[in-house]
Colleague: 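Mind having a look at this structure? Questions to follow.
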Amino acid sequence: MKSQIQQLLTDALDRLRAEGLPVPVATLPTIERTRDPTHGDFATNLALVLAKAAGSKPRQLAERLVAALPASTLMDRVEIAGPGFVNFFLAPAAYRAVIPEVLTAGQGYGRSNLGQGRRVQVEFVSANPTGPLHVGHGRGAAYGAVVADLLAAVGYAVHREYYVNDAGRQMDILATSVWLRYLELCGEDIPFPSNGYKGDYVWDIAATLHREHGDAYRAESPEVFAGLPADLDPETGTGDKEAHIDGLIAAAKRLLGDNRYRYVFELGLNTILDDIRDDLSQFGVVYDEWYSERSLTEKGAVNRAIERLREAGQLYERDGALWFRSSAFGDEKDRVVVRENGQTTYFASDIAYHMDKLERGFERVIDIWGADHHGYIPRVKAALQALGDDPSRLDVLLVQFAILYRGGEKVQMSTRSGEFVTLRELRKEVGRDAARFFYVMRRCEQHLDFDLDLAKSQSADNPVYYVQYAHARVASVLRQAADKGLAIDPTAGMTNLERLVEDHEIGLLKTLARYPELVEAAALNEEPHLLTHYLRELANDFHTYYNAHQFLVPDEGLRDARIKLILAARQVLSNGLGLLGVSAPESM
RNA sequence: GCGCCCGUAGCUCAGUCGGAUAGAGCAACGGCCUUCUAAGCCGUGGGUCGCAGGUUCGAGUCCUGCCGGGCGUGCCA
């Protein structure tokens with residue numbers, strides 16, 4: 001509808017230009033939906049924008065513009081208002097046309113081919129497999145999933161990916177933590193390291209190891225701790241927790257040998273990864289690919305990335321380490337890619353990973369990170385630029401923290417003690433639908449206050465229930481109609497739609513017509529919250545209509561028209577909820 | 001110190017490429033159930049858009065400075 005009006009305006013401009021008005025050729029008329037209904041349905045500020053170039057007063061120009069507009073059945077009337085706005089009032093028939101449009105398109109209503117199949121990768125969550133996902137990861141999961149689905153809905157070929165950090169020191173700490181717990185289960189006396197992973201899940205993995213392999217992985221405690229630097233003593237502040245845990249990792253590798261160490265490591269990794277996969281899939285979040293960090297090293301991508309940087313002359317040695325000159329590309333300082341001990345850094349893997357992403361041919365790559373990683377953006381972009389790639393192909397979207405509230409109080413979380421609220425616990429408490437909806441209700445760069453009590457409440461205060469209830473209500477009306485033996489045939493001719501004349505009906509029609517534009521905006525700006533707000537509005541339009549008018553009236557023609565309208569509403573509610581990963585219940 | 005994000009009604013937040021009289025929900029107050037689910041609807045009150053400049057036909061929106069809050073600033077991942 002918007003584009004049709006745009007075409008009318010373009011035609012008008014062409015005509016004015018032919019009359020000799022100096023209008024820049026590149027001018028593309030901008031059309032906006034009005035905020036105020038007294039300004040019509042759509043408006044353009046074209047006359048204001050062109051006034052200077054045309055050497056004419058805005059209002060005079062607006063009048064010439066209106067006079068030049070081709071006749072159209074879409075339009076009820078066109079008015080000039082304020083300093084020179086041109087307001088378009090659509091004919092009611094133009095709005096009613098949305099009903100057949102929705103009902104024929106069905107689930108496809110709101111989908112488009114803007115992206116024309118261009119390939120986009122969305123990488124999200126990518127939490128280290130050192131423990132279960134917590135509520136912070138949940139927001140990234142919900143946000144990423146909806147962004148991906150929105151892009152797919154507007155015609156992009158979306159590849160959803162989880163980057164698995166299955167290499168590196170954190171994973172060694174996990175493997176060692178599992179082993180130490182296992183030794184405790186074997187009856188060894190183990191002072192657990194302050195820097196180890198203390199969660200219950202570590203015990204669970206250790207118990208599996210003990211159950212399946214008995215004492216086969218056992219070592220004696222004194223042997224394990226022999227010659228280690230002291231752990232941090234929280235009382236006195238003496239000791240070094242980093243040196244202590246590194247010593248323990250070395251002891252584990254030495255005492256277990258390569259094969260047995262690898263086994264414990266893999267057991268920990270796979271157990272947790274399976275848990276994360278399961279958790280996400282129950283959350284309705286699925287991936288096309290789980291991409292292993294280790295595989296980057298194994299196939300030589302990390303070395304290749306380093307070589308490419310070296311060839312580009314962007315590496316140098318200092319203090320025994322190999323540095324990337326990222327400060328030459330906008331980063332605040334240079335970064336190490338190979339440590340003094342010869343090991344490549346996490347950053348080196350990440351350079352290789354992003355190089356690999358672009359090599360895989362994605363036109364656009366979207367990373368969704370927790371906001372605490374924002375300082376990381378310049379160095380990754382710097383690396384891409386140094387490699388000769390185009391850094392603008394990478395967009396990093398930062399998701400701020402989610403803070404849980406229960407009974408008006410902030411829920412305390414601390415990863416240090418292993419006491420955190422997991423995504424699984426959250427889902428169990430408020431349910432998948434409420435969690436998915438609440439997580440994307442705010443712009444991603446806005447801190448999210450997640451009210452657990454509200455998410456659980458079954459009332460109008462709760463936006464999820466409010467929207468779902470609208471859907472269930474339509475279904476309920478249709479059941480009533482069936483019980484009364486009234487025919488419902490959505491594919492029957494749209495002969496009675498002109499009976500829809502009430503304000504509530506026109507309002508609902510207008511909201512339904514807006515949906516495709518809304519999906520487009522939400523997708524292109526990566527803003528799922530627009531969709532949650534829209535659905536609330538749509539539900540409100542429906543509930544208001546429901547309260548003001550009876551649908552199942554004796555007048556057959558009117559009844560038929562109203563049922564078609566609410567069928568269309570149900571379809572759009574269902575489509576929108578579907579994009580959010582929230583169910584659309586038939587009854588509540 | 002430097003960098004990124006945020007600051008709009010009592011609370012939580014929308015606000016389209018800069019557009020017309022700044023919106024919604026909650027909370028508060030007052031109404032509506034012999035009628036398709038009251039998990040709903042209607043109404044009332046509530047604002048120095050953090051502050052000060054600038055850009056222009058027009059600024060909550062763009063620019064600069066300041067104030068306040070969050071996060072970051074590893075040869076960790």
Side-chain angles (χ1 to χ4, degrees), chain A residues 28 30 32-36 38-39 43-45 48-49 51-52 57-58 81-85 87 127-128 130 165 167-171 173 242 293 318-323 331-333 335-341 343-347 349-350 370-378 398 400-401 403 405 408 441-449 451 454 457-466 468-470 472-481 483-484 517-518 521 525 527 529-530 532-533 536-537 539-540 542-553 562-563 566 587-588:
Chain A
L28 190 72
T30 58
E32 282 187 332
R33 289 221 176 240
T34 57
R35 294 179 187 179
D36 183 341
T38 64
H39 297 142
T44 181
N45 62 353
L48 293 165
V49 175
K52 208 169 250 179
K57 285 184 179 169
F85 292 103
N87 295 334
N128 285 349
T130 53
N165 299 125
R169 183 162 171 265
Q170 296 304 324
M171 287 308 301
I173 294 177
E242 304 292 347
E293 176 187 357
R318 198 214 310 161
D319 304 331
L322 192 61
W323 296 71
D331 196 9
E332 58 185 28
K333 54 180 265 196
R335 309 287 172 180
V336 171
V337 287
V338 182
R339 289 193 282 256
E340 198 178 357
N341 64 11
Q343 290 186 333
T344 55
T345 57
Y346 173 82
F347 178 46
S349 296
D350 234 8
D372 52 338
H373 287 71
H374 68 79
Y376 210 75
I377 300 173
L398 298 173
Q400 296 286 337
F401 294 129
I403 303 159
Y405 286 84
M441 253 180 355
R442 305 282 172 244
R443 288 201 336 266
C444 68
E445 59 265 34
Q446 187 78 243
H447 288 270
L448 176 71
D449 288 330
D451 186 334
L454 179 60
S457 82
Q458 305 199 346
S459 72
D461 318 353
N462 185 343
V464 192
Y465 281 87
Y466 185 83
Q468 288 182 318
Y469 182 44
R473 256 186 164 172
V474 178
S476 172
V477 172
L478 298 176
R479 280 194 298 273
Q480 293 281 336
D483 288 351
K484 293 179 184 175
E517 292 161 38
L518 189 283
N525 300 313
E527 292 186 332
H529 75 278
L530 296 178
T532 66
H533 284 275
R536 217 207 163 276
E537 246 177 88
N540 182 45
F542 172 77
H543 287 308
T544 303
Y545 180 36
Y546 179 97
N547 271 270
H549 299 282
Q550 191 80 10
F551 305 149
L552 303 178
V553 290
R562 287 185 170 168
I563 286 179
I566 64 170
S587 69
M588 291 173 74

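By convention in this document, chain letters (A, B, ...) are assigned in the order of the sequence lines, proteins followed by strands, and residues within each chain are numbered from 1.
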Colleague: What's touching nucleotides 3-5 of chain B from the protein side, N or O pairs under 3.5 Å?
Modeller:
{"residue": "B:rG3", "atom": "N2", "partner": "A:His374", "partner atom": "NE2", "Å": "2.5"}
{"residue": "B:rC5", "atom": "O2'", "partner": "A:Glu445", "partner atom": "O", "Å": "3.1"}

Colleague: Would you say B:rA38 has OP1 or OP2 under 4.0 Å from some side-chain N or O of A:Tyr465?
Modeller: no
Colleague: By centroid distance (under 5.5 Å) and plane angle (under 30°), are A:Phe85 and B:rA20 in a stacked arrangement?
Modeller: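 Stack criterion met.
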Colleague: Holding to salt bridge (charged side-chain N to carboxylate O under 4.0 Å, His left out), I want the full list of residues that pass it with A:Glu537, two or more places apart in sequence or in another chain.
Modeller: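 Listed in chain order: A:Arg514.
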Colleague: I want to check something: taking the side chain as every heavy atom from C-beta on, are A:Arg33 and A:Glu517 in contact at a cut-off of under 4.5 Å?
Modeller: yes
Colleague: Treating a pair as Watson-Crick (purine N1 to pyrimidine N3 plus N6-O4 or O6-N4) or G-U wobble (N1-O2 and O6-N3) with both distances under 3.5 Å, list the stems of 3 or more consecutive pairs that involve RNA chain B.
Modeller: B:1-7 with B:67-73, B:10-13 with B:23-26, B:28-32 with B:40-44, B:50-54 with B:62-66
Colleague: Any protein N or O atoms within reach of nucleotides 54-59 of chain B? Criterion: under 3.5 Å, listing atom names and distances.
Modeller:
{"residue": "B:rC57", "atom": "OP1", "partner": "A:Lys52", "partner atom": "NZ", "Å": "2.9"}

Colleague: Do A:Arg473 and A:Tyr546 meet the cation-pi criteria used here (NZ or CZ under 6.0 Å from the six-membered ring centre, within 45° of the axis)?
Modeller: yes
Colleague: When you compare the ring of A:His39 with the six-membered ring of B:rA20's base, are the centres less than 5.5 Å apart and the planes under 30° from each other?
Modeller: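 Answer is yes, a stack.
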Colleague: Nearest to the A:Asn87 side chain among B:rA20, B:rC41, B:rC13, which nucleotide is it?
Modeller: B:rA20
Colleague: Does A:Glu32 have any salt bridge (charged side-chain N to carboxylate O under 4.0 Å, His left out) partners at least two apart in sequence or in another chain, and if so, which?
Modeller: none
Colleague: Answer yes or no: is there a side-chain heavy-atom contact under 4.5 Å between A:Arg339 and A:Thr345?
Modeller: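 A side-chain contact under 4.5 Å exists here.
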Colleague: Is there side-chain contact between A:Leu322 and A:Thr344, with at least one heavy-atom pair below 4.5 Å?
Modeller: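 No; the side chains remain at least 4.5 Å from each other.
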Colleague: Can you check the distance between B:rA52 and B:rC5, where both ends of the measurement are the P atom (answer in whole Å)?
Modeller: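 The same atom, P, in both gives a distance of 24 Å.
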Colleague: If I pick the C1' atom on B:rC13 and the same atom on B:rG60, what distance separates them, to the nearest angstrom?
Modeller: 14 Å
Colleague: Is the phosphate of B:rG15, meaning OP1 or OP2, less than 4.0 Å from a side-chain N or O of A:Arg442?
Modeller: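 So the side-chain polar atoms of A:Arg442 never come under 4.0 Å of the phosphate oxygens OP1 or OP2 of B:rG15.
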Colleague: Any luck finding a side-chain donor-acceptor pair between A:Gln170 and A:Thr130 under 3.5 Å?
Modeller: no
Colleague: When syn is taken as a glycosidic angle within 90 degrees of 0, is B:rC51 syn or anti?
Modeller: anti
Colleague: Does A:Asp451 have any salt bridge (charged side-chain N to carboxylate O under 4.0 Å, His left out) partners at least two apart in sequence or in another chain, and if so, which?
Modeller: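 Salt bridge (charged side-chain N to carboxylate O under 4.0 Å, His left out) list for A:Asp451, sorted by chain: empty.
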Colleague: Base of B:rC5 relative to its sugar, syn (within 90° of 0) or anti?
Modeller: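 Base orientation: anti.
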Colleague: Just to confirm, is there a sub-4.0 Å distance from OP1 or OP2 of B:rA20 to any side-chain nitrogen or oxygen of A:Thr34?
Modeller: no
